[in-house]
Each structure stands twice: as C-alpha cells, then as structure tokens.
Amino acid sequence: MWTWFHKLGSPKWFYDISGKLLNFMAPVAALLLIVGAIWGLLYAPADFRQGNSYRIIYIHVPVSVLSLSGYYIMAIAGAIHLIWKMKLAEIAMRSAARMGAGLTFLALVTGSIWGKPTWGTWWVWDARITSELVLLFLYLGIIALYEAYDNKVSASRACAVLALVGTVNIPIIYKSVDWWYSLHQPATIKLTQKSSIDPSMFYPLLIMIVGFYFFYGVALMLNMRTEVLINERKTRWVQDIVERA
Amino acid sequence: MLFQNVQFTLDRGEILQVVGHNGCGKTTLLRSLAGLSNYASGQILWDGKPPRENLELFRRDVLFHGHLAAVKLLLTPVENLRWFASTYCAATDQDIVNALHAVGLFGYEDIPASKLSAGQLRRVALARLVLSNATLWILDEPFTAIDVHGIDTLQQLLQDHLNKGGAVLLTSHQQVDIAQIKSLNLEHYR
Amino acid sequence: MLFQNVQFTLDRGEILQVVGHNGCGKTTLLRSLAGLSNYASGQILWDGKPPRENLELFRRDVLFHGHLAAVKLLLTPVENLRWFASTYCAATDQDIVNALHAVGLFGYEDIPASKLSAGQLRRVALARLVLSNATLWILDEPFTAIDVHGIDTLQQLLQDHLNKGGAVLLTSHQQVDIAQIKSLNLEHYR
Amino acid sequence: MNASQNLSLLKGLSATLKRELTLLWRRKSDSLNPLLFLVVVCSLFPLGVSPEPKVLAMLAPGIIWVVALLACLLSTESMFRSDFDDGALELFLLNPQSLYFHSLVKVLAHWLLTGVPLALLSPIIALLLNLPVAGIPVLIMSLLIGTASLVFIGAIGSALTVGLRRGGVLLSLIVLPLYVPVLIFGADAVKRAAEGAAVPGQLAILLAFFMLSFALAPLAVAGALRISVDS
Amino acid sequence: MNASQNLSLLKGLSATLKRELTLLWRRKSDSLNPLLFLVVVCSLFPLGVSPEPKVLAMLAPGIIWVVALLACLLSTESMFRSDFDDGALELFLLNPQSLYFHSLVKVLAHWLLTGVPLALLSPIIALLLNLPVAGIPVLIMSLLIGTASLVFIGAIGSALTVGLRRGGVLLSLIVLPLYVPVLIFGADAVKRAAEGAAVPGQLAILLAFFMLSFALAPLAVAGALRISVDS
Ligand code: HEM
Ligand SMILES: Nc1ncnc2c1ncn2[C@@H]1O[C@H](COP(=O)(O)OP(=O)(O)OP(=O)(O)O)[C@@H](O)[C@H]1O
Ligand SMILES: Nc1ncnc2c1ncn2[C@@H]1O[C@H](COP(=O)(O)OP(=O)(O)OP(=O)(O)O)[C@@H](O)[C@H]1O
Ligand SMILES: [Mg+2]
Ligand SMILES: [Mg+2]
C-alpha cells in the first residue's frame with residue numbers, strides 16, 4: 001500500500017503512467033467535445049423563448065460545474081502535499097489553481113454573455129452567480145498568495161493551508177448565499193426552472209459535461225508533466241527523453 | 001543628558017573611533033553629526049561653517065552608514081546600488097559591479113538580496129563606500145556580521161580612503177587595525 | 001546546495017563554534033537544528049531520537065537565540081522576560097531582575113525597551129540564557145553589538161553553562177575565549 | 001506530573017494573554033483605531049451616497065456591517081507583524097507548550113481589544129446612520145459574536161501573509177471571501193431586527209460560525225505561522 | 001555648472017522613478033491588489049445591503065468612490081514602511097539632491113501603479129453594481145484625477161506615521177478628513193453623469209485639488225519623513 005503511494009510520488013513513474021493515460025484520455029475528450037458541440041450547436045432544437053442564445057449553456061454549464069469540482073481537486077492535492085510532502089501533489093495543486101481560476105472566469109464571462117440577451121443586463125446578484133464570484137476570489141487569493149512568496153517551498157505550503165481553510169468554508173458560503181438570495185430575490189429576474197430542459201437539449205449537455213471532465217484531466221496532466229520536466233531537468237531520465245526527441 | 005562637552009576636530013587623513021559601553025550614546029552622536037537627529041545643544045562645523053549654510057555640499061561630502069543596511073530585499077545588489085550611484089555620486093554600472101567585487105560579492109551581483117545572508121547584506125551596504133566620493137565617512141558598527149576576511153578588506157578600504165585624504169568617524173566594539181587611529185571614549189563625557 | 005555531509009555530535013559540557021565565511025550557511029544550519037527551517041535532507045537526533053518523537057521535551061531542552069533579539073520595544077525588559085519565564089521555564093520576577101543584572105542592565109529594568117541602545121537590546125535577549133534551564137544553547141552571533149565588557153560577561157556565562165553540564169552551539173566571526181571550544185568550518189563541506 | 005504540566009500550561013497561557021493585552025494597551029491608538037475607522041468611514045457614506053435619512057436607514061445595517069468587517073480586517077493585519085519583525089515569533093513558535101492553545105489565546109486577546117469595543121460602540125454609528133432603535137440591541141449582539149469569527153478567520157490570513165512584508169491588500173483578498181457568510185447573517189439579523197422581527201435563528205448561526213472558527217482557526221494559524229517563519 | 005547640476009538631478013530623479021517602479025513591479029501583488037480590493041469590497045455591498053439592481057444603481061457612484069478611496073488609503077500605508085524598516089529612508093533623506101523633487105517622483109510612481117490601474121478597472125465594478133453606462137467615462141476620468149490627489153495626500157499621512165510601527169488605522173484618521181472634498185466632488189460627478197448631465201465643473205475642481213496636492217504634498221512629505229526618522 002505505502003510503496004504504491006510513494007511510487008505515485010515519484011516524478012518518473014508519474015511521467016510514464018500519465019503518458020499512457022493521456023494516450024487514452026486525450027482522444028476520448030476530443031471525441032466527446034466534438035460530438036457534444038456539433039450536436040448541441042447544430043442539431044439540438046432552438047429554445048422556444050430564448051431562441052439560439054441558449055446554446056451557450058453547452059459551454060457555460062460544464063465550465064461552471066468544473067470550476068467548483070476543480071477547487072476540491074486543488075484542496076485535496078494541497079492536503080496530500082502538506083501531509084506527505086509530496087512534490088507531485090504540490091504541482092497538481094498549482095496547476096489546479098490556475099485552471100480553476102480560468103474556468104471560473106470563463107463561467108462568469110459566458111454567464112454574462114448569456115445574461116445580456118436573457119436578462120437585458122450583464123450582471124445580476126443571483127445566488128449561483130454570487131457564489132461563483134466568491135469562488136473566483138478564493139482562487140485568486142490562492143494564486144496571489146503563491147505569487148507573493150519568494151520562497152516557493154513555503155509558498156505552496158501556505159497555499160495548501162489556505163485551500164484547506166477554503167474547503168471548510170465553501171459549503172458554508174454556498175449555503176449562506178443561497179439562503180440570502182431566497183430572502184432577497186429581486187422580483188424582476190428569475191432563473192428558469194431546472195426541470196424545464198428538454199431531453200433533446202439535455203443529452204448533448206451531458207456529453208459536454210463528461211467531455212469537459214476528461215478535458216480537465218488531460219489539461220491537468222499536461223500541465224503537471226511540463227512542470228515535472230522543468231523541475232527534473234537535471235536528472236538522467238529527463239535528459240534521456242530530451243535526447244530521444 | 002547622554003554626554004556633554006564632547007569636542008573634537010577631524011582632519012583629512014584622520015580616523016576617529018568612538019568607543020564606550022553599550023548605551024553610552026555613540027549612535028546618537030553619529031546620527032546627530034550626519035544630520036539625522038536633532039541634537040539638544042552644540043555646534044557642528046563643516047569646513048569651518050555650519051552644514052546648513054550649504055547643505056548640498058555637506059551631504060555630498062559626508063556618507064552615513066548606519067545600523068541598518070538600507071538594502072532592498074526585492075532588488076538585486078546591482079539594482080540596489082544603482083540609485084545610490086546616480087544620486088550620491090555619478091557611477092556607472094561597471095563601477096557598481098567592480099565595487100561589489102571589491103567587497104567580496106563576486107557572483108552575487110544579480111540575485112535578489114532576499115537570498116543573501118546577514119553578512120552578505122552588510123557587504124552590499126559597504127560597497128557604497130567604494131562607490132562614494134565623499135570625504136567623511138560616518139560608520140556605525142561597520143564590522144557587524146562581517147567575517148574575518150571581510151574585516152581585513154574593510155580595513156584596507158578605510159586605509160585607502162585615509163591615504164586619499166579622506167576622513168573616517170566610526171564606532172565599533174572591535175579593535176580596528178589601522179596605525180593612525182585615534183579614539184574618543186564617550187564614557188568620559190557624561 | 002549549501003553544505004552536505006556535515007555530521008557532528010555534541011555532548012554535555014561541549015561547545016562547538018560553527019565558522020565560515022559570510023553566506024556559507026551557518027544561520028541556515030542553526031535554524032534547521034532548532035526546528036525553524038525545513039532542511040532538504042538529513043537527520044537530527046536528540047538524545048538518540050528524532051526531535052519529533054518528543055517535541056515538547058526537545059523544545060524544553062533547546063534554546064535558540066537568533067539574529068533578531070525578540071524584544072518587544074513597547075515592553076520594559078522585565079515585562080519582556082516575563083512571558084519567557086512562564087512558558088520556557090518557571091522563573092519568578094526576582095529571577096528576572098537578577099538575570100537582567102547579570103547581563104549588565106542594572107537600572108534599565110523598567111524603562112521601555114524602545115529607549116535602549118542596540119547593544120542593550122541584545123543584552124535583554126541574552127538575559128534569557130541566564131533564566132533558561134535548557135541543556136543546549138543555539139546562539140547565532142551572540143556577540144553582535146555587545147561591548148568589550150559584555151563579551152567577557154557572556155563568555156563567563158557560557159563557561160558556567162558548560163560546567164553545569166550544558167552544551168553550546170554558536171556562530172561568531174569573533175574569537176571565543178573558552179578553553180575547550182571546538183570549531184566546525186562549514187566551508188569544508190560544500 | 002500531568003496535573004503540574006496542565007498547571008504550567010495554564011500559567012503560560014495566562015502569560016500570553018497578559019502580554020498581548022499589555023502590548024495592545026500600550027499601542028492604545030491601535031486598538032482604538034478600528035473604532036475610529038468605523039465612525040469615520042461610516043460617515044463617508046452619507047457624503048458619497050446620499051444624506052437622505054430614509055435611504056440611510058435602509059442602508060445602515062449593510063453599511064455598518066461591511067465597515068465593521070473592514071475594520072476587523074485592518075486590525076488583524078498587524079496581529080503578527082511586529083512579532084515577525086523583531087523575532088518574537090520565532091520564540092513563540094519554539095516554546096515548549098502547545099502552540100494551538102497559545103495561538104488561540106493570542107487571537108482571543110486581539111478580539112477582546114478590537115471586536116468587543118467595536119460592538120459596544122456601534123450604537124453611535126447606528127444613530128449617525130439613522131438605524132431604527134429597535135435594531136440596536138441586535139446590532140450589538142451580532143457584532144459581538146460576528147467580530148469574533150472575523151478576528152479568528154482574519155488571523156489565519158494574517159499568519160499566512162506576515163512573512164511577506166506586503167500591505168494589507170493581499171490579506172483582504174484572501175480573507176474577505178471567507179467573511180461572506182458572517183456578513184450575510186450579521187447584516188440580515190440587523191435588518192430584520194430593525195423592521196421589528198425576532199432573529200434568534202440568525203444569531204444562533206453566527207454563534208455556530210464562531211464556534212467553528214474558534215476551534216479550527218488556531219490550527220490553521222499555528223501551521224501558517226510555521227510556514228511564514230521558514231520563508 | 002548649473003546645467004550639469006540640473007542634468008544630474010534629472011538623472012537622480014529618473015533613478016528614483018525607475019527604482020520605485022521596479023520595486024512596485026516586483027511586489028506585483030501589492031500594486032495589483034488595490035484593484036482586487038476594489039472588486040472584492042464592492043461586491044460585499046450587494047451582500048450586505050441589497051441585490052436589487054435599482055438600489056445598487058443608486059448607490060454605485062458613492063460606493064465605488066468610497067471603496068476606491070479606501071483602496072488608495074491602504075496602498076499608501078506601506079509607501080514608506082519598508083524604506084523605514086530597512087534604513088533606505090535614511091539614505092533617501094541624506095541624499096545631496098532636492099528632497100522635494102525626489103519625494104514628488106516617489107509618490108508619482110506610486111500613483112502610476114495604483115491609481116491609474118484602479119481608474120482603468122473601474123468599469124468592471126460599474127457593471128457589477130449596475131451603474132448606468134452613461135456614467136462610466138466620467139467614472140474613469142474622475143478616478144484618474146481623484147486618485148492622484150488621494151495618493152499625494154495619503155503620502156503625507158504615511159510619512160507622518162511611518163515611524164510609529166502602528167497599523168494603518170491611525171493613518172486613516174489623519175488622512176480621511178482630507179479626503180472628504182475629493183470624495184464629495186468625485187462621487188457627485190459620477191452620480192450626475194449617470195443621470196445624463198454634463199459635469200465639467202466637478203472635474204475642474206478635482207483637477208484643481210490635484211494640482212494643489214501635487215505642488216504642496218511633497219513639501220509636507222519631505223518634512224514629515226525627517227521627523228519620522230528622528231523619532
Ligand atoms: C456555480 C456556477 C454556475 C452554475 C453551476 C451554473 C449553471 C447553470 C445552469 C445549469 C443553467 C441552466 C439553467 C436552465 O436553463 O435550467 C444556467 C443558466 C444560466 N446561467 Fe448559470 N451557472 C453558474 C454561474 C453563472 C454565472 C456566474 C452567470 C453570469 C455571470 C450565469 C448566468 C446564467 C444565465 C444568464 C443563465 C440563463 C438563465 C435563464 O435561462 O434564465 N451562471 N446556469
Ligand atoms: N531565504 C533564502 N532563500 C534562498 N537562499 C538563501 C536564503 N537565505 C540565505 N540564503 C542563501 O543561503 C546562504 C547561506 O546563508 P546563511 O544566512 O545561512 O549564511 P551565514 O553563514 O549565516 O552567513 P553570515 O555569516 O553572513 O551570517 C547564502 O549564501 C544565501 O545566499
Ligand atoms: N529613541 C530613544 N529615546 C530615548 N532614549 C534613547 C533612544 N534611543 C536610545 N536612547 C538612549 O540613549 C542612550 C544611547 O543610545 P545609543 O544608541 O546612542 O547608544 P550606543 O552608544 O550606540 O550603544 P550601543 O553600543 O549599544 O550601540 C541609551 O542609553 C538609550 O537608553
Ligand atoms: Mg549604537
Ligand atoms: Mg548568519
């Protein structure tokens with residue numbers, strides 16, 4: 001059990017195994033995304049109220065969903081890094097932080113773009129939107145903290161602590177924002193009911209969500225592999241790879 | 001009242017070490033002379049005139065090196081000295097690099113000062129002495145945190161400055177190995 | 001990589017001076033031993049066991065005195081030491097006053113530390129050595145800013161500690177006048 | 001043996017408490033300043049937004065809470081700063097007793113001299129901003145409990161950033177998102193109370209937040225301080 | 001002789017500018033953070049006050065201006081702090097060239113990397129708080145001119161308090177009253193512009209404030225720094 005765990009921490013082992021995994025995951029991600037996109041953008045019926053503008057959900061929803069899961073991936077990596085001092089976990093945490101911030105930002109931007117035709121305004125203080133904004137701040141806080149430290153060993157440990165504090169807080173934040181919104185819900189704007197979505201719109205969405213998960217995994221691994229190569233550039237096995245290339 | 005009736009003249013080529021037990025007022029005296037503190041009473045004459053008559057000249061002629069190194073941790077040693085080089089004197093980048101080498105910081109010119117050790121930081125500050133063309137150096141414990149070899153270098157630096165007609169006023173709890181050194185014991189002026 | 005393969009044992013009654021040029025890693029070594037920095041690789045054994053097995057005991061037995069004096073400028077020397085006296089050891093106010101006298105701060109017990117000179121501040125920190133009942137003292141440049149007389153006092157303090165079966169690990173660029181002192185030159189372990 | 005250890009821990013903790021209170025008291029202006037900050041910044045809003053009493057009454061709970069939150073944030077910023085600069089933090093970390101409890105007491109002392117006076121002073125600002133009198137008891141209560149959470153959470157951020165020698169703005173980015181739940185329930189409690197409703201639920205939730213941060217924050221603080229000293 | 005002196009003064013000033021900009025840039029998070037602070041704190045208000053777009057639109061000019069003011073205040077706090085702590089301030093004060101001009105340039109550098117980005121980013125917050133689009137150009141303009149006054153005035157407070165090793169709250173007390181006129185005219189300009197009115201008068205007054213503080217503040221800063229170093 002522990003030997004397995006420590007092997008996981010070895011950069012070379014990770015590089016080999018992630019190479020094999022990528023060979024499988026990258027095509028799957030590409031396939032799912034292409035199928036989902038074509039189905040959703042070209043073949044799914046137009047919404048009877050929003051026309052074609054709703055099609056942005058095929059990006060907006062997967063990105064929004066991933067941005068939250070991404071935080072937990074980051075926090076778990078951070079915890080592993082703190083407890084077992086595993087270098088790989090640290091790299092994973094940092095990659096996840098950067099990608100998470102990007103995804104959250106994308107969710108906000110796509111949401112706003114959608115909001116303009118739907119609500120007639122770029123922004124409203126809806127519960128989900130507000131939570132997403134707070135999530136963006138949490139990500140940015142972690143990135144800013146990392147950048148602020150000169151000593152990068154301490155930097156990643158500090159970020160791990162902050163990520164863990166965030167993990168305890170995120171459910172609380174989500175719950176309280178929900179509660180707040182249900183109290184203050186402005187009369188002018190309502191999000192559509194969840195259940196109203198038609199299966200012919202839903203299946204491509206599902207495919208896109210799964211596709212985005214795969215894409216996330218692929219991007220995370222690519223990110224980590226680059227970092228591993230940079231960190232280990234002086235070791236034999238990396239120089240072997242460089243020579244072969 | 002820390003001390004009274006202290007009176008001394010310092011000529012070109014002279015070096016004076018202010019000594020005395022901890023807390024007898026050496027730092028206070030040096031900061032007053034440099035113009036950083038206001039002394040309660042007394043008179044300072046520079047070239048026979050009070051400094052405030054030609055403050056710019058006084059400032060150009062006097063270099064103060066205090067307890068604090070005045071080195072920015074976010075800048076590299078070269079970047080640190082660049083500001084000094086264009087306000088206090090007119091030194092080029094090459095001069096700066098040479099000065100750093102002179103104080104034994106070969107190879108540390110371009111790494112952030114936050115990565116330097118206590119003694120290396122003090123050495124960056126000492127490089128200012130090499131760059132400066134001030135006549136009077138006022139040095140408050142310049143040997144702090146400097147290793148044995150560095151102390152020799154610094155003493156050589158002082159000696160050269162004296163030979164070129166400069167003057168030095170310094171405090172130190174260590175013995176300074178310079179032939180013509182005079183000393184002023186502040187404890188005698190309470 | 002600052003140093004490698006450094007290996008030494010320190011027994012009761014022994015004193016070891018870590019020497020080496022500025023920036024060779026003395027402070028880094030001492031801080032790692034005290035548990036303030038994480039060393040990249042290596043092993044520290046205290047009483048034959050790694051410190052983390054009984055951290056409290058290790059902390060009680062080891063006293064670290066670093067570059068910084070850890071003296072609060074807003075408190076008086078006595079107030080400063082009170083916290084130390086009730087967490088690190090169990091000393092009374094009378095012990096504290098005696099300790100301050102032992103390091104030559106007679107008459108400065110109750111004035112705010114912000115009014116002390118550089119050397120007096122360091123002396124307040126050194127008073128902790130008098131109070132402490134730790135076995136191992138880790139001292140990073142304890143002689144900084146201390147006057148000649150103070151250096152004698154401190155050396156006597158070290159000697160007494162050794163005689164009582166304590167151990168001392170220190171860095172200093174100055175010669176330490178203690179008969180049984182051994183020295184470890186970090187420059188040999190690059 | 002164990003009993004005497006507990007006794008000495010208690011002695012140590014009371015020494016920490018006394019030391020911190022003395023220090024804060026010596027820097028009176030520092031512990032008074034959050035109060036003044038609250039008053040001064042709250043009185044900027046009538047100037048910047050609108051002097052209309054009705055508008056102000058509506059905004060008052062939110063504004064008071066947001067500003068109280070900023071005041072807490074600013075005062076926690078310096079919580080470990082001077083200890084870091086003068087080396088006292090190293091001594092603190094190496095002390096043989098429990099770091100968890102010592103951190104807890106240190107933060108608590110901070111709350112006693114910032115959060116509590118803030119809560120007690122809040123009625124003055126309530127008057128300035130025209131908050132209905134009915135809201136005042138709840139304002140005091142909610143600030144009393146709420147600022148405790150704020151100080152404890154803020155201490156984590158302060159411990160994480162103390163080694164960085166940066167201004168307080170990084171701290172605010174780290175800490176403010178974590179403050180959101182406290183703000184929501186605190187401001188809402190006051191708003192409802194001002195409208196005459198009873199708010200036991202909100203206060204209970206604030207209390208729960210406080211207990212959670214009281215128990216967990218010192219852990220994070222202790223860990224963060226170790227990291228900061230090693231940087 | 002005089003020409004060469006002027007030349008060397010210019011060289012010195014450009015060295016100060018370069019050094020300050022480098023330092024601020026190295027501490028990127030410090031100069032970026034006022035921006036994030038602006039965004040984060042502005043988004044606390046909907047949570048504390050009300051998410052209603054109409055209410056927010058009404059409050060937006062005031063809130064944005066108050067928060068921008070606080071952001072400037074916080075970022076000026078650390079303006080001389082690190083220089084004081086590491087002794088660079090002594091070197092700065094003893095330099096043979098004109099302290100007035102060097103202080104001026106130092107503060108200017110600070111504004112370039114805090115005030116200017118703040119003004120340029122403000123449209124985002126305008127969107128968040130539902131400010132009518134008509135108000136946005138004036139918002140940017142007024143912040144651009146206004147933050148310059150704020151930074152220059154803040155520098156005086158910062159120079160006065162740098163020797164005190166206190167948190168930023170004392171600073172806020174000294175400085176905030178001086179900020180009031182800027183706040184009033186700035187917020188008013190934006191409010192009117194959002195309602196569709198033209199506001200050359202307000203902007204001209206802001207410009208006058210700026211020119212006054214630009215000319216006089218460096219004098220006060222230089223004097224205050226001398227006092228702080230001697231304490
Ligand atoms: C946690 C973050 C988010 C999640 C999980 C999420 C998810 C969703 C989902 C599932 C829908 C489809 C609802 C439906 O049609 O039944 C939706 C709609 C929408 N979302 Fe999001 N979203 C998030 C954040 C945002 C943000 C940040 C914005 C804007 C800035 C936004 C703007 C919108 C808009 C405008 C719609 C369409 C609303 C409508 O149909 O009336 N969302 N979102
Ligand atoms: N925070 C840091 N990050 C990276 N490198 C550092 C850091 N601090 C010190 N160093 C490097 O480690 C080396 C050893 O530093 P250390 O402070 O241990 O030296 P030292 O032997 O105590 O020197 P001195 O006699 O000047 O006190 C230095 O060369 C320095 O460049
Ligand atoms: N800010 C201050 N306010 C009031 N008194 C002070 C202040 N700073 C120092 N003193 C007092 O002035 C005396 C002289 O201090 P000074 O720092 O000049 O001593 P010093 O000779 O440099 O000592 P050292 O050898 O320790 O550096 C001290 O006894 C101290 O009590
Ligand atoms: Mg002195
Ligand atoms: Mg050292």
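In this text the structure is predicted, and so the values were computed from the model without any measurement. Scope of the values below: all heavy atoms of this structure, side chains included, with no hydrogens, waters or symmetry mates. Below, chains carry the letters A, B, ... as their sequence lines are ordered, and counting in each starts from 1.
Contact tally against chain D (heavy-atom pairs below 4.5 Å) for C:E56, C:R128, C:K72: the top residue is C:K72. Of the listed residues (D:N95, D:L93, D:L9), the one with the most heavy-atom contacts under 4.5 Å to chain C is D:N95. Comparing D:Q97, D:H102, D:K18 by how many heavy-atom pairs each has under 4.5 Å with chain C, the most go to D:Q97.
Taking the six-membered ring for Trp, C:H65 and C:W137 have ring centres at least 6.0 Å apart. Residues D:F92 and D:F80 keep their aromatic ring centres 6.0 Å or farther apart.
Looking at C:F84, only its side chain comes within 4.5 Å of chain D, counting heavy atoms on both sides.
Salt-bridge formation is not detected for the pair C:D140/C:K26: no Lys NZ or Arg NE/NH1/NH2 atom is positioned less than 4.0 Å from an Asp or Glu carboxylate oxygen.
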Start with the C-alpha gap between C:E79 and D:R19, add the side-chain angles, then the distance that decides, and say whether salt bridge (Lys or Arg N to Asp or Glu O under 4.0 Å) holds.
CA-CA 8 Å; C:E79 288 169 337; D:R19 175 188 168 95; over 6 Å; no
